[in-house]
Amino acid sequence: MNTRNTLYVKDGKLYIGGFAASELARRFGTPLYVMDAAYIAEVCDAFQSAMATYGDGAVAFANKAFATVATAKIAAKHGLWFDVVSGGELYLVKSAGADLGKVLFHGNNKTVAEIEEGIVDGVGFFVVDSLHELKLLDEKAGAAGVVQDILVRVNPGITAHTHEAVATATPLSKFGFGVDTNAFEVIKDASQRRNLHFRGIHSHIGSQIYDHSSYDAAIGVLTDFMKRLYDEAGIVTEILDMGGGYGIYYTDADPKFTPKRYAYTVENIGKRVKEECAAKGVAKPFLIVEPGRSIVGEAGITLYTVGAIKDFPSVRKYVAVDGGMFDNPRYALYESQYSAVLADKADKPADETVTIVGKCCESGDIVAKDVKLQHAEAGDILAVFSTGAYNYSMASNYNLNAVPPVVLVDGDKADYIVKPQTYADLLRNNEVPEWLK
Ligand SMILES: *Cc1c(COP(=O)(O)O)cnc(C)c1O
């Protein structure tokens, strides 16, 4: 457990943002996502102050990590820009009242409709990821009578030290244009398009990265590339977007980062960019970073009620909860590991090794495998840590389970930011064609 002033154990009970977790479970039911507003704000501020040490730059919240209107409002209030990866996310940040000039539209295969919507809405930057998109965007911007600012996603060919499914800059990645292959020609093309304005480059090397050296290596490659663009084609890279990917704590195998430590990572990126640009005679760019997981991941916990317990003595003990892969598919996707406590037995010894499973009809429906836990009984409230990122945003209605509601705790206040789904919600878009009636 990575405790902090808004996540701690007192008198044997787990607290988040001033509330006993079991009290939140009683009041709002389980399964339940709980998000800690104070922590989100603290991380946003830490990133902002880190960027201030660089100078001209922006911190953009990668909305896909946790996409709700309320958290977008918190991020906007703290001065963050936004990354969106779909028309839906664009609609969300619009609904949150964000300044759309400070939105970066990502995605390796934006649809025609999404490109049109983004242009009409006045999205600040499209991050172009294919020749198909470059052509389409030029055409649609022309039709709308605007000159659209763009970044071009480049792939520095860095193998970040992380899980294969979340490493995005390996040579054969589906994302971006290789700096060693066609990125140079694509940017030359982009900079001559009449309805587009090439502003800079973007790179996102992966996710759940703890190791500075991956970013340092990327900065080396990217600043070399910026120099080449200028020397060989006279193209200035005004903006360098370094993406996100900062790792968070899930289990004791991971470092226990704090907001200050994240800030340090960004300070280091800024320092490196400055040094490399100075050494290579490249103009210092406007710097963007795009953290997602690190802003919301540890802000969130998920509360479940323990139900069935199955013990295969000295082999495995299953503790089943009232959620599972429909609220957290990350084990099924990546074999991600989590840590957990029983909310009202948090001071008891975690002396059993159990596998926490969900209620879905899949053997891969695992929340946490072989984890240490206090002795569980049916009815206990179980809290899983670090579920704020890529849990709610990846949730589904599999087995027609309702996606759990989300409660925001903020000082002495707690309320829904996503309401519970009803059975009627689950069938809301069902239709029965005339001939079946
Ligand atoms: C997912 C993503 C991010 C955020 O990654 P985290 O690991 O959540 O920090 C940033 N930029 C882009 C382009 C992404 O796809």
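Start at 1 and go down the list; that is how both ligands and their atoms are numbered. The first residue in the sequence is number 1, and the count goes up from there. Side chains are part of it too, since the values below use all heavy atoms of this structure and drop only hydrogens, waters and symmetry mates.
Partners of Phe105 under the ring-ring contact (aromatic ring centres under 6.0 Å, His included) rule, at least two apart in sequence or in another chain, are Phe126.
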Task: Worked check of ring pair (Phe, Tyr, Trp, His ring centres under 6.0 Å) between Tyr8 and Tyr15 - done: CA-CA 5 Å; Tyr8 54 87; Tyr15 280 76; 5.4 Å; yes
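Atoms of ligand 1 lying under 4.0 Å from any heavy atom of His202, numbered from 1 in the order shown and given with element: 13 (C). Near Ala62, with a cut-off below 4.0 Å to any heavy atom, the atoms of ligand 1 are 3 (C), 4 (C), 10 (C). Close approach to His106 involves these atoms of ligand 1, each under 4.0 Å from a residue heavy atom: 13 (C). Taking every non-hydrogen atom of Asp83 and a distance limit under 4.0 Å, the qualifying atoms of ligand 1 come out as 10 (C), 11 (N), 12 (C).
Between Trp81 and Phe47, a ring centre-to-centre spacing not shorter than 6.0 Å is recorded. Outside the 6.0 Å centre-distance limit, the rings of His204 and His106 are not counted as a close aromatic pair.
With hydrogens left out, the protein atom closest to atom 5 (O) of ligand 1 is His204 CE1, 3.3 Å, a heavy atom. In this structure, atom 1 (C) of ligand 1 lies nearest to the protein heavy atom Lys64 NZ, 1.3 Å. Of the protein's non-hydrogen atoms, Tyr390 OH, 2.6 Å is the one closest to atom 8 (O) of ligand 1. Counting protein heavy atoms only, atom 10 (C) of ligand 1 is closest to Glu290 O, 3.2 Å.
Inspection of the Asn268 and Thr265 side chains reveals no N or O donor paired with an N or O acceptor under 3.5 Å. Tyr246 and Arg261 share no donor-acceptor pair across their side chains, judged by distance under 3.5 Å alone.
Residue contacts with ligand 1 for Arg293 involve both N, CA, C or O and side-chain atoms from C-beta outward (heavy atoms, distance under 4.0 Å). Contacts of Val127 with ligand 1, taken as heavy-atom pairs under 4.0 Å, are absent altogether. Contacts of Ser207 with ligand 1, taken as heavy-atom pairs under 4.0 Å, involve both backbone and side chain.
To the nearest 0.5 angstrom, Arg193 atom CZ is 9.5 Å from Glu139 atom CD.
Ring planes of Phe257 and Tyr262: perpendicular class, angle over 60° (limits at 30 and 60°).
Within a 6.0 Å sphere centred on NZ of Lys256, other residues, nucleotides and ligands contribute more than 12 heavy atoms.
Using a non-hydrogen distance threshold of 4.0 Å, Ser294 does not register as a contact of ligand 1.
For the pair Gly245 and ligand 1, the shortest N or O to N or O distance falls below 3.5 Å. Here's the thing with Gly206: none of its N/O atoms is less than 3.5 angstrom from an N/O atom of ligand 1.
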